[in-house]
Student: 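Before I ask anything, let me first share the structure, which is written out below as structure tokens.
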Amino acid sequence: MNVQALRSAEAKGTVDRLNFIGGEFVTGSGGKTFENRSPADGRLLGLVHEASEADVARAVAAAKSALTGPWGGMAITERVDLLYGLVDGINKRFNDFLEAECADTGKPMSLASHVDIPRGAANFKIFADIIKNVGSEFFTMATPDGTGAINYALRRPKGVIAVVCPWNLPLLLMTWKVGPALACGNAVVVKPSEETPSTATLLGEVMNSVGIPAGVYNVVHGFGPGSAGEFLTRHPQVDAITFTGETRTGEAIMKAAANGVRPVSFELGGKNPAIVFADADMDKAIEGTMRSVFANCGQVCLGTERVYVERPIFEEFVKRLKKGAEGMKLGRSEDPEVNMGPLISQEHRDKVMSYYKLAADEGATVVTGGGIPDMGEDLAGGAWVAPTIWTGLPESSRIVQEEIFGPCCHVQPFDTEEEAVRLANDTEYGLAAAVWTENASRAHRVAAQMQVGICWINSWFLRDLRTPFGGSKHSGIGREGGVHSLEFYTEMTNVCLKL
Ligand code: NAD
């Protein structure tokens, strides 16, 4: 560990984030650092030590050698116990994780303490449970000589898994990949988002404290192109790549993965619809849509950006959604009354604001919001935007077609079930949908027609981690969750034995 770097950060009241390679915290060999700033007020949180290409290669080599060390030969029961130990280890340091996640993202502690950190820990438990309990296939077969044969499938770890993560739910989305990867006996090299380096780094400390062998979990910091993300995904010793992030980044990673035909698992962008039928329970539909549009300042891949409301209740729905949006309290993460934080960065705010401007230019009716709120001098350096609702744009509008990833939605009336289904599916994305109706037949009929990875009926963000999760169309490749994760994180060998 570079003690000097940490001491100088401590003296400034900031926390530097180091790479975690082969069980040790290290600065980047290229000597480069970048700033980690608070999205709430722009203050410096600390410096992040960027991994060079040589550092990434060392991390991959450490992971490779872990596979041939004690980790590779470990019995499943022992591995599972270590994963349960990780759950306890995160929970013991719950407040450290909470503070680090909220400092990096600016999200309300009330949200992160219920979602990000507990679910981040739970990902190790669910996949430890699964690997312990799921068997493999077995077939008997007849042979011409009458003696027969048996077949059984063995699961082997895939090897070194590159885990490339986004910034919106940093710990939760990272352990959603690292949990099953380790449960299956792989070693990982994680590249957290440059915006949120902290909780992945803290997890390194927990890995050491619970006795996960060195090299099983590595963290390399940096950016995408020309930095750690690219170095990692094109490294020939990486056996598989799991990625969560933008569709365009997925395209770049897929090109890198083509060299050596490495498998990929992608969870990508969305432009998710909600359909609200006139027979919906209005209170539930408003409460759910408020969350699906505005939770995490709209920075949830599964969030709703297009709302289709049956015409008889359109006016009332828009009025109530507006009231809800205008009642949101923006502010610092530690304020228990705050339910919306800032966007992740000034750069992302520029992107979201460009859509707010575009909506106005395209002639949208701005029901509420549309600008930058006055947060006072204290928070003036933060990436704040107002919760925003639009109506009146055509379906072809970029606002209705492109992922904005901010606290905003366009609401559009519809007249028939067929029309609602057509509008909901009229997108290049296919991640999630929410359907609000009290008519059970209609609920199942409509859900079956949604071209998405997950369709909620009368709820949103309710996740049973045993179920398949992923996106169709431009929203992803493959499914993870439950036994589906085993498909990606293991190689199967069929053993055929002639009796
Ligand atoms: P991003 O694609 O910009 O970055 C994600 C990660 O990829 C970062 O760690 C980044 O450094 C890295 N990266 C960027 N370019 C790279 C390259 N060429 N090679 C290798 N790595 C590279 O995404 P983001 O802005 O961090 O996250 C927001 C996006 O993630 C949204 O589109 C959102 O919908 C999506 N997302 C999807 C899911 C899902 O489950 N489908 C979940 C969360 C977020």
Side-chain angles (χ1 to χ4, degrees), residues 34 39 48 50-51 53 56 104-105 115-116 119 123 162-177 189-197 199-200 219-235 238 241-259 262 264-272 295-305 343-345 347-352 383 402-406 427-432 452-454 461 463 465 468-481 485:
F34 58 93
V48 186
E50 188 175 346
E53 187 155 15
V56 172
D104 280 2
T105 59
V115 178
D116 297 67
R119 285 213 202 170
N123 285 333
V163 184
V164 183
C165 308
W167 43 257
N168 57 333
L169 296 151
L171 181 72
L172 187 160
L173 291 175
M174 187 257 291
T175 60
W176 172 245
K177 310 293 197 166
V189 181
V190 174
K191 211 300 274 171
S193 168
E194 53 274 34
E195 305 287 355
T196 52
T199 45
V219 179
V220 290
H221 290 298
F223 304 85
S227 183
E230 184 191 325
F231 302 150
L232 178 61
T233 50
R234 72 162 191 229
H235 195 291
V238 163
I241 303 168
T242 181
F243 166 72
T244 307
E246 280 188 29
T247 302
R248 233 174 334 149
T249 311
E251 288 172 353
I253 291 179
M254 204 163 177
K255 285 184 187 134
N259 284 336
R262 276 95 47 80
V264 295
S265 173
F266 283 172
E267 291 170 5
L268 308 176
K271 186 73 184 175
N272 310 304
N296 210 35
C297 200
Q299 304 165 117
V300 181
C301 55
L302 302 162
T304 303
E305 291 193 2
L343 292 170
I344 188 67
S345 63
E347 190 189 355
H348 188 49
R349 179 164 76 169
D350 290 346
K351 177 185 159 188
V352 172
E402 296 177 13
E403 183 186 51
I404 301 171
F405 223 54
T427 166
E428 62 190 27
Y429 292 107
L431 191 55
V452 293
I454 182 163
F461 212 69
R463 289 271 294 114
L465 303 181
F469 180 82
S472 58
K473 301 198 265 186
H474 290 190
S475 290
I477 297 179
R479 294 290 180 273
E480 296 196 31
S485 292

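One-based numbering, in listed order, for ligands and for the atoms of each. Since the structure is predicted, the reported quantities are computational estimates derived from the model, not experimental observations.
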Student: K191 heavy atoms, cut-off 4.0 Å: which ligand 1 atoms fall inside?
Tutor: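 Close to K191: 8 (C), 9 (O), 10 (C), 11 (O).
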Student: Does R234 come within less than 4.0 Å of E53, counting only side-chain N to carboxylate O?
Tutor: yes
Student: Using distance alone, with no hydrogens and no angle criterion, decide if E480 and T242 have a side-chain donor and acceptor under 3.5 Å apart.
Tutor: yes
Student: Any atom of ligand 1 sitting under 4.0 Å from a heavy atom of G250?
Tutor: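 So G250 does not count as touching ligand 1.
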Student: Given that the side chain starts at C-beta and the backbone is N, CA, C, O, which of these parts of E403 lies under 4.0 Å from ligand 1, counting heavy atoms, or is it both or neither?
Tutor: side chain
Student: List the closest protein heavy-atom neighbour of atom 9 (O) of ligand 1: residue, atom name, distance to the nearest 0.1 Å.
Tutor: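 Minimum-distance protein heavy atom for atom 9 (O) of ligand 1 reads C165 O, 2.7 Å.
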Student: For atom 18 (N) of ligand 1, which of S227, A252, A162 has the closest heavy atom?
Tutor: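 Among S227, A252, A162, the closest heavy atom to atom 18 (N) of ligand 1 comes from A252.
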Student: Is the shortest side-chain N to carboxylate O distance from K271 to E305 below 4.0 Å?
Tutor: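 Yes.
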Student: Considering heavy atoms of the protein only, find what lies nearest to atom 36 (N) of ligand 1 and give residue, atom and distance to 0.1 Å.
Tutor: C301 CB, 3.5 Å
Student: Report yes if W167 has an N/O atom closer than 3.5 Å to an N/O atom of ligand 1; otherwise report no.
Tutor: yes
Student: Would you mind telling me which of L173, T175, L169 makes a side-chain contact (heavy atoms from CB on, under 4.5 Å) with L171?
Tutor: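 When L173, T175, L169 are each tested with L171, the side-chain contact (heavy atoms from CB on, under 4.5 Å) holds only for T175.
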Student: Would you say G476 contacts ligand 1, with heavy atoms under 4.0 Å as the rule?
Tutor: no
Student: List ligand 1 atoms under 4.0 Å from P192, heavy atoms only on the residue side.
Tutor: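 Listed by number with element: 9 (O).
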Student: For atom 35 (C) of ligand 1, what's the nearest protein heavy atom and its distance?
Tutor: G245 O, 3.3 Å
Student: Does an N or O anywhere in E246 fall below 3.5 Å from an N or O of ligand 1?
Tutor: yes
Student: For atom 27 (O) of ligand 1, what's the nearest protein heavy atom and its distance?
Tutor: P166 CB, 3.4 Å
Student: Does only the side chain of N168 get under 4.0 Å from ligand 1, or the backbone, or both, or neither? Count heavy atoms.
Tutor: side chain
Student: Give the residue, atom name and distance (to 0.1 Å) of the protein heavy atom nearest atom 2 (O) of ligand 1.
Tutor: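 Answer for atom 2 (O) of ligand 1: T249 OG1, 2.6 Å.
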Student: Quiz question for you: does at least one protein heavy atom lie closer than 4.0 Å to atom 15 (N) of ligand 1?
Tutor: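 True for atom 15 (N) of ligand 1.
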Student: So for ligand 1, is L268 a polar contact partner (N or O within less than 3.5 Å, distance only)?
Tutor: yes
Student: In the protein, which heavy atom is nearest to atom 28 (C) of ligand 1, and how far is it?
Tutor: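 For atom 28 (C) of ligand 1, the nearest protein heavy atom comes out as F405 CE2, 3.6 Å.
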